[in-house]
Amino acid sequence: MSEAPQAPLHDSLVSVRELEQALEQSSERRAASKARVEDARAAALRLLASARADAATEAAERRRIVLGAADADAAEISRQGDERAARARMAARAGSAAAVEAAVRLILLDADTREA
């Protein structure tokens, strides 16, 4: 008869052990899930950092291309300005030479009329 009261106690202990095991397994799964989430978060942060670095590199390359084009445009504008300035200097020299020649003719004409 002493075994009869122990059976419910034994069954209760087995149930408690099963619950403890289930809780331990649940805790282990939760810890594994948390580790996977942390790994995924770290991977996402690395991916984001890489994407930002790539975007910065691409932006720098676009700026380099735009600045190169602007430099080429500036060089062409400067070259055209130098050509125009050279033409203007030549025209000014020709105009100055013509003015000097006209002045000399007037002086000579005036001198001829005074002598006559």
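Count residues from 1 along the sequence.
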Just jot down the side chain to side chain contact (heavy atoms under 4.5 Å, CB included) partners of R89, sequence neighbours excluded, or say none.
->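 R89 satisfies side chain to side chain contact (heavy atoms under 4.5 Å, CB included) with A85, A86, R93 once adjacent residues are dropped.
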
Quick one: pull up [atom1] in [X] and [atom2] in [Y] and give me the separation to the nearest 0.5 Å.
X   : Y   : atom1 : atom2 : value
S15 : H10 : OG    : NE2   : 9.5 Å
L19 : E24 : CG    : CD    : 13.0 Å
E28 : L23 : CD    : CG    : 11.0 Å
D54 : S50 : CG    : OG    : 4.5 Å

Can you tell me if CZ on R41 sees more than 12 non-hydrogen neighbours from other groups inside 6.0 Å?
->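 At most 12 heavy atoms, drawn from other residues, nucleotides or ligands, come within 6.0 Å of this atom.
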
Within 6.0 Å of CZ in R52, more than 12 heavy atoms from elsewhere =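 12 or below, so no.
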
Linked, directly or transitively: V100 and L109 (ILVMFWY side chains, under 4.5 Å) =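 Not linked; separate clusters.
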
Is there a donor-acceptor contact under 3.5 Å linking the side chains of S33 and R36?
->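 Per modelled atom types, S33 and R36 side chains form a pair under 3.5 Å.
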
E76 versus Q80, side-chain donor and acceptor atoms under 3.5 Å |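 Present: a donor and an acceptor within the cut-off.
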
For the side chain of S26 and the backbone of A22, is there at least one donor-acceptor N/O pair under 3.5 Å apart?
->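 Answer holds: no.
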
Basic-acidic side-chain contact under 4.0 Å: E20, R17 |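 No, this pair does not count.
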
